[in-house]
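In what follows, every chain begins at residue 1, and chains take the letters A, B, ... in the order their sequences are listed.
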Amino acid sequence: MRDLGGHMTECKVTDFQRRVYQATKAIPKGKVTTYQLLARHLHCRSSQAIGQALKHNPFAPRVPCHRVIASSLTIGGFQGKITGSCITRKFRLLKAEGVVFGAGRLADIGRLYTYSTVTSSLQL
DNA sequence: CATACCGTCCAAT
DNA sequence: ATTGGACGGTATG
């Protein structure tokens, strides 16, 4: 903690993490993305770094980290845990946004937000 | 600088 | 389904 003598309204975050929060914040409501998709969007090859950055999440709930799941469409983790009541809360949050899970997996793949700009050509 | 940890991912079995 | 290695970034010494 180095913000001792200040308003401590700002947490110490690196430039990389800032990008992660920005991208996570851009996820539309009712949709979810994966750590890997986020990593690729940020040109990062490690999805772990994404999860680690989200885990700190000093901007929660402004940053909807609960909208980020694993690439296998599994729920992933939440608040630093991969199982327990935290995950239950994550399910509930997603469900409240219209994202339904079945057997621990995302039921509707259409809810996946791929950061695709859909740019033209070959959309279907 | 070296080591260990991660809300992960992928390949092999 | 389970195991183990990989990769990028952060934290600690």
What I'd like to find out is whether the side chain of [X] reaches to under 4.5 Å of the side chain of [Y], using heavy atoms alone.
{"X": "A/H56", "Y": "A/V13", "answer": "no"}
{"X": "A/F16", "Y": "A/I50", "answer": "yes"}
{"X": "A/E97", "Y": "A/R67", "answer": "yes"}
{"X": "A/L37", "Y": "A/L112", "answer": "yes"}
{"X": "A/F101", "Y": "A/I69", "answer": "yes"}
{"X": "A/V68", "Y": "A/I27", "answer": "yes"}

To the nearest 0.5 Å, how far apart are [atom1] in [X] and [atom2] in [Y]?
{"X": "A/K81", "Y": "A/R89", "atom1": "NZ", "atom2": "CZ", "answer": "8.5 Å"}
{"X": "A/H66", "Y": "A/L93", "atom1": "NE2", "atom2": "CG", "answer": "5.0 Å"}
{"X": "A/T83", "Y": "A/F78", "atom1": "OG1", "atom2": "CZ", "answer": "14.0 Å"}

Side-chain donor/acceptor of A/Q52 to base of C/dG9, under 3.5 Å: yes
For the pair made of [atom1] in [X] and [atom2] in [N], what is the distance, rounded to whole Å?
{"X": "A/F16", "N": "C/dA11", "atom1": "CZ", "atom2": "P", "answer": "12 Å"}
{"X": "A/H43", "N": "C/dG9", "atom1": "NE2", "atom2": "P", "answer": "13 Å"}
{"X": "A/Q17", "N": "C/dG8", "atom1": "CD", "atom2": "C1'", "answer": "13 Å"}
{"X": "A/I82", "N": "B/dG7", "atom1": "CD1", "atom2": "C1'", "answer": "8 Å"}
{"X": "A/I50", "N": "C/dT10", "atom1": "CD1", "atom2": "P", "answer": "10 Å"}

Side-chain donor/acceptor of A/K55 to backbone N/O of A/Q79, under 3.5 Å: no
Residues within residues 30-41 of chain A bordering DNA chain B, heavy-atom distance below 4.0 Å: A/Y35, A/Q36
Strand contacts (DNA chain B) in residues 67-74 of chain A, 4.0 angstrom heavy-atom criterion: A/V68, A/A70, A/S71
side-chain contact (heavy atoms from CB on, under 4.5 Å) between A/L38 and A/Y113, worked out: CA-CA 10 Å; A/L38 247 165; A/Y113 179 65; over 6 Å; no
By the 4.0 Å heavy-atom rule, please label [X] as base, sugar-phosphate, or nothing.
{"X": "A/L54", "result": "base"}
{"X": "A/G80", "result": "base"}
{"X": "A/C86", "result": "nothing"}

Secondary structure string for DNA chain B (Watson-Crick or G-U under 3.5 angstrom, | for other-strand pairs): ||||||.||||||
Enumerate the protein-to-nucleotides 4-7 of chain C contacts in which both atoms are nitrogen or oxygen and the separation is below 3.5 Å.
none

A/L106, A/I82, A/V32, A/I87 screened by side chain to side chain contact (heavy atoms under 4.5 Å, CB included) with A/I75, the one that passes: A/I87
Inter- and intrachain pairs under side chain to side chain donor-acceptor pair (under 3.5 Å), touching residues 21-45 of chain A, at least two apart: A/Q17-A/Y21
Under 4.5 Å side-chain linkage, directly or through intermediates, the cluster mates of A/V100: none
Nucleotide of B/dG7, C/dG8, C/dA11 approaching A/H56 most closely (side-chain heavy atoms): C/dA11
